[in-house]
Amino acid sequence: MALRNHSTITQFILIGLSDDPHIQVLLFVLFLETYLQTLLGNLTMILVIRTDSHLHTPMYFFLSHLSLLDLCFSSVTVPKLLKDLLSEKKTISVEGCLAQVFFVFLTVGNEACLLSVTAYDHYAVICHPLLYDQVMSKQLCQGLVWGSWGLASLNAVIIALLAINLDFCDAQTIHHYTCELPSLFPLSCSDISINISILSFSTIFLGLGNFLPLFFSYVRIIFNILSISSTTGRSKAFSTCSSHLISVILFFGSGMLRYLMPPSGSSLDLLSSLQYSVITPMLNPLIYSLRNKEVKTAVKRTLGKYSQYFRH
């Protein structure tokens, strides 16, 4: 094991969302449907963007990667949640718990970076349309994506090392439905002051570090939209970034609340975690597709093409 030798805990017990069997069955059906919609929605977005040449632009390139991350992020926690809703004893090994911590931070950190990158892309297309192709070159877009993966991976490794160095002596009940670092801190018999400081710094660095450029990009975008004299032009410019802005509010609002507030084991912790790990990955494909005429048209073209293929 990666833990210290005097750590006696080999598995954790998850409290879950409810201990009522009837409610657990209802929650299982609800979250299974949510997860299947998440898989279908995000896989459809990736397929449509990759196969439709009309969507081979930087904005949709970033959107396909965001869909991939939503798919991965949801898959880190939801399958285990579904299994536990049908299990009498909800346990997870220490190694499995640490793996969840790592992959949660990998996907969350990556998505935070890409949301910021996408905001800059919207700024470039709305505020500098004539220079857009030069500014958002293919090499820059690929570099920004790889940079997001690199930064998120480094942060996830640091966080995982923090979790590995925790000692768990007696307490083994996690007051949550999944393994997240804030939920592990109360179980540790180690001095966690440094760990909390590093986690807070990491959250602020990745959270606010990506939120601030995102915020300033949208300030410039809003001023630019207000300066457009044409009502049609303002409406078109706003529709370009409105879907992304909704996703940003959903993601950063619940995520920052979860990792900057002290863990309390309350229903608020569960709700904020469910918001960004279960609900938001399901809503994002709907938000981007229903509010975007280009995506809706591309979906119809793709479905029509595949329906013809199967008929033949």
Side-chain angles (χ1 to χ4, degrees), residues 34-76 78 103-104 106-126 132-133 135-153 156 206 210 213-214 217 239-252 255 276-306:
T34 300
Y35 184 55
L36 292 177
Q37 289 182 2
T38 301
L39 293 178
L40 178 62
N42 285 290
L43 285 174
T44 300
M45 290 294 294
I46 294 171
L47 176 64
V48 169
I49 292 172
R50 294 296 173 89
T51 57
D52 195 300
S53 59
H54 297 83
L55 302 183
H56 290 177
T57 64
M59 181 174 71
Y60 294 109
F61 172 73
F62 295 133
L63 181 55
S64 68
H65 283 276
L66 284 171
S67 294
L68 175 62
L69 286 171
D70 281 333
L71 189 67
C72 295
F73 185 23
S74 184
S75 298
V76 171
V78 178
F103 285 110
V104 163
L106 176 63
T107 50
V108 168
N110 206 333
E111 185 151 357
C113 292
L114 281 180
L115 285 172
S116 180
V117 165
T118 307
Y120 177 75
D121 174 72
H122 290 333
Y123 159 76
V125 73
I126 292 174
Y132 179 71
D133 291 334
V135 173
M136 300 303 295
S137 64
K138 182 178 179 179
Q139 292 77 13
L140 176 62
C141 293
Q142 292 176 342
L144 290 172
V145 169
W146 283 112
S148 297
W149 275 102
L151 186 60
S153 299
L206 272 181
N210 283 295
L214 190 154
S217 293
S239 66
T240 300
C241 56
S242 59
S243 300
H244 177 259
L245 189 57
I246 294 172
S247 295
V248 166
I249 293 172
L250 290 174
F251 179 82
F252 278 94
Y276 70 79
S277 65
V278 180
I279 306 301
T280 299
M282 180 198 68
L283 291 179
N284 278 342
L286 297 175
I287 293 170
Y288 282 110
S289 60
L290 294 178
R291 298 182 61 86
N292 191 304
K293 292 182 180 179
E294 289 182 322
V295 173
K296 287 191 286 187
T297 303
V299 169
K300 292 177 181 177
R301 278 197 299 263
T302 303
L303 292 177
K305 181 170 64 176
Y306 279 97

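The figures here come from the full heavy-atom set of this structure, side chains too, leaving out hydrogens, waters and symmetry mates. Please read all numbers here as calculations on a predicted model, not as lab measurements.
The side-chain hydrogen bond (donor to acceptor under 3.5 Å, both in side chains) analysis of residues 66-76, with sequence neighbours excluded, yields the pairs Tyr35-Ser75, Asp70-Asn284. Counting only residues at least two apart or on different chains, the side-chain hydrogen bond (donor to acceptor under 3.5 Å, both in side chains) pairs with a member in residues 109-121 are Asp121-Tyr132.
In this structure, the separation between CG on Leu66 and CE on Met45 is 9.5 Å, given to the nearest 0.5 Å. Considering CG of Leu68 and SG of Cys72, their distance stands at 4.5 Å, rounded to 0.5 Å.
The shortest distance between side-chain heavy atoms of Leu39 and Leu71 falls below 4.5 Å. Ile279 has its side chain within reach of Leu283: a pair of non-hydrogen atoms, C-beta onward, lies under 4.5 Å apart. Pro285 is not listed as a side-chain neighbour of Thr44, based on a closest heavy-atom distance of 4.5 Å or more. Counting only heavy atoms from C-beta outward, the side chains of Leu214 and Leu115 approach each other to under 4.5 Å.
With hydrogens and angles ignored, the 3.5 Å screen pairs a side-chain donor or acceptor of Asn42 with a backbone N or O of Thr38.
Arg50 and His56 get closest at one heavy-atom pair: O-NE2, 3.1 Å. Heavy atoms only, all atoms of each residue included: Thr107 and Phe103 are closest at OG1-O, 2.8 Å. Across all non-hydrogen atoms, the minimal contact from Val135 to Ala124 is CG1-CB, 4.4 Å. Taking both residues in full, the closest heavy atoms of Leu106 and Ala156 are given as N-CB, 3.7 Å, listed atom of the first, atom of the second, then distance.
Every side-chain contact (heavy atoms from CB on, under 4.5 Å) that Val145 has, sequence neighbours left out, goes to Phe61, Phe62, His65, Leu114, Trp149.
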